[in-house]
Amino acid sequence: MQDRVSEPNIVGGAIRGIVVGGILGAIIGGVEGALISGLGVGVGIATGVVAGAVPGGVVGALLTTRIHRDLVRAFPSLTEEEAVGASSHLGRMTAQPGETLVRQGDLAEQVYVVSRGEVEVIRSEAGVESRVAVLGPGEFFGEIGVMRETPRTATVRASKPTEVLKLDSAAFKRFVGTSSGRPELEKTVDKRLGDLERTRQAPQGQEPAS
């Protein structure tokens with residue numbers, strides 16, 4: 001699977017990092033200049049902007065590159081334009097083991113890509129939970145509810161320290177749901193719905209046969 005990186009996207013990430021780093025540096029530098037070093041607020045702010053913007057830009061570029069690669073890894077059929085467009089709408093969140101990312105029955109408003117760690121897909125029937133799947137880096141979840149416009153069909157919990165990327169339903173439909181990979185995505189949805197149905201039919205507390 002080939003990784004693709006968009007130069008404009010990296011530049012955008014670097015700019016965001018410079019802005020954020022510069023602002024934080026200015027605040028810290030201003031306080032330091034006024035209260036600690038005695039250099040004054042102006043000098044402190046100027047020093048802080050430089051000290052914060054440079055590492056901020058580097059971190060922003062690297063982070064944007066990784067996010068873009070994670071997205072393409074999960075959806076390799078995206079064109080470069082689609083990948084750039086979708087990655088600009090991505091957010092990041094972390095979860096510790098046992099934390100719930102998606103709850104069965106909730107409204108489906110986002111699709112998630114596992115960037116690091118591992119999650120378990122759990123189906124609950126009559127108060128009994130059964131594990132449907134385990135997903136790791138490069139895999140995604142939450143697409144069934146978004147594509148079928150139905151409530152969440154299962155609960156997803158982190159089973160390890162985990163980082164996921166989240167893409168809201170409108171951006172997913174715009175950039176991923178209309179891509180050349182839509183037929184393959186539909187096959188994945190059908191397979192997962194089949195796995196969920198087998199879970200419903202399996203004896204309570206047992207995992208479905210793979």
Side-chain angles (χ1 to χ4, degrees), residues 67 70-79 81-160 162-210:
I67 287 175
D70 286 341
L71 177 71
V72 174
R73 183 180 180 187
F75 304 107
S77 297
L78 291 177
T79 65
E81 182 179 0
E82 290 166 342
V84 170
S87 63
S88 66
H89 290 269
L90 285 170
R92 295 168 60 244
M93 62 182 295
T94 59
Q96 296 304 311
E99 285 191 50
T100 297
L101 297 165
V102 163
R103 193 177 303 277
Q104 184 175 329
D106 283 355
L107 292 176
E109 299 177 330
Q110 295 172 319
V111 176
Y112 300 83
V113 175
V114 181
S115 179
R116 293 179 181 175
E118 181 182 272
V119 300
E120 294 179 311
V121 181
I122 306 294
R123 175 75 179 184
S124 178
E125 289 289 338
V128 178
E129 293 187 344
S130 299
R131 187 170 68 177
V132 180
V134 176
L135 306 176
E139 296 183 282
F140 56 91
F141 61 91
E143 81 293 343
I144 294 177
V146 169
M147 293 183 66
R148 296 290 190 265
E149 297 185 348
T150 61
R152 297 296 189 189
T153 55
T155 293
V156 181
R157 297 193 192 108
S159 52
K160 296 179 179 179
T162 298
E163 178 184 271
V164 298
L165 308 178
K166 53 183 181 178
L167 183 64
D168 67 75
S169 59
F172 179 82
K173 291 176 180 178
R174 178 183 176 187
F175 296 107
V176 182
T178 58
S179 71
S180 60
R182 175 66 183 250
E184 193 65 30
L185 188 59
E186 290 284 359
K187 290 181 181 178
T188 299
V189 169
D190 290 340
K191 178 182 182 303
R192 290 181 172 179
L193 286 172
D195 291 341
L196 290 169
E197 183 61 26
R198 284 191 291 274
T199 301
R200 293 181 60 187
Q201 297 174 357
Q204 290 190 348
Q206 291 188 15
E207 296 182 20
S210 57

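Between the R152 side chain and the G142 main chain, a donor and an acceptor come within less than 3.5 Å of each other. Side-chain N or O atoms of S159 include one that pairs as donor or acceptor with a backbone N or O of E118 at under 3.5 Å. A donor-acceptor pair is defined here as one N or O able to donate and one able to accept, closer than 3.5 Å; such a pair exists between the side chain of R123 and the backbone of T153.
Residues F175 and H89 form a side-chain contact, since some pair of their non-hydrogen atoms from C-beta on lies under 4.5 Å apart. Between L78 and V176, the closest side-chain pair of non-hydrogen atoms falls below 4.5 Å. Between L101 and K166, the closest side-chain pair of non-hydrogen atoms is not below 4.5 Å. E129 is listed as a side-chain neighbour of R157, based on a closest heavy-atom distance under 4.5 Å.
Applying the ring pair (Phe, Tyr, Trp, His ring centres under 6.0 Å) test to every pair with at least one member in residues 117-139, sequence neighbours left out, gives no pairs at all. For residues 101-110, the pairs satisfying side-chain hydrogen bond (donor to acceptor under 3.5 Å, both in side chains) are Q110-Y112, with sequence neighbours left out.
Closest approach of T178 to K173, counting heavy atoms only: CG2-O, 3.3 Å. A pairwise comparison of heavy atoms in G117 and P137 identifies O-CD, 3.3 Å as the closest pair. Closest of all the heavy-atom pairs between G136 and V114 is O-CB, 3.3 Å. In plain terms, the two heavy atoms of L71 and L165 that are nearest each other are N-CD1, 4.4 Å.
With rounding to the nearest 0.5 Å, the separation of CD in E99 from CE in M93 is 7.5 Å. We find the CZ-CG distance between R192 and D190 to be 11.5 Å, quoted to the nearest 0.5 Å. For the atom pair CD of E163 and CG of D70, the computed distance is 7.5 Å after rounding to the nearest 0.5 Å. The structure places CD of E149 at 14.0 Å from CD1 of I144, a figure rounded to the nearest 0.5 Å. In this structure, the separation between CE on M147 and CG on L185 is 4.0 Å, given to the nearest 0.5 Å.
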Practice task
Please report the C-alpha distance between F140 and L167 in whole Å, then the side-chain angles of each, then the deciding distance to 0.1 Å, and finally whether the side chain to side chain contact (heavy atoms under 4.5 Å, CB included) criterion is met.
Solution key: CA-CA 11 Å; F140 56 91; L167 183 64; over 6 Å; no

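Counting heavy-atom neighbours within 6.0 Å of R174 CZ, excluding the residue itself, gives a total of 12 or less.
A salt bridge links E186 to R148: at least one charged side-chain nitrogen sits closer than 4.0 Å to a carboxylate oxygen.
Checking T188, V189, D195 one by one against K191, the side chain to side chain contact (heavy atoms under 4.5 Å, CB included) holds for a single residue, D195.
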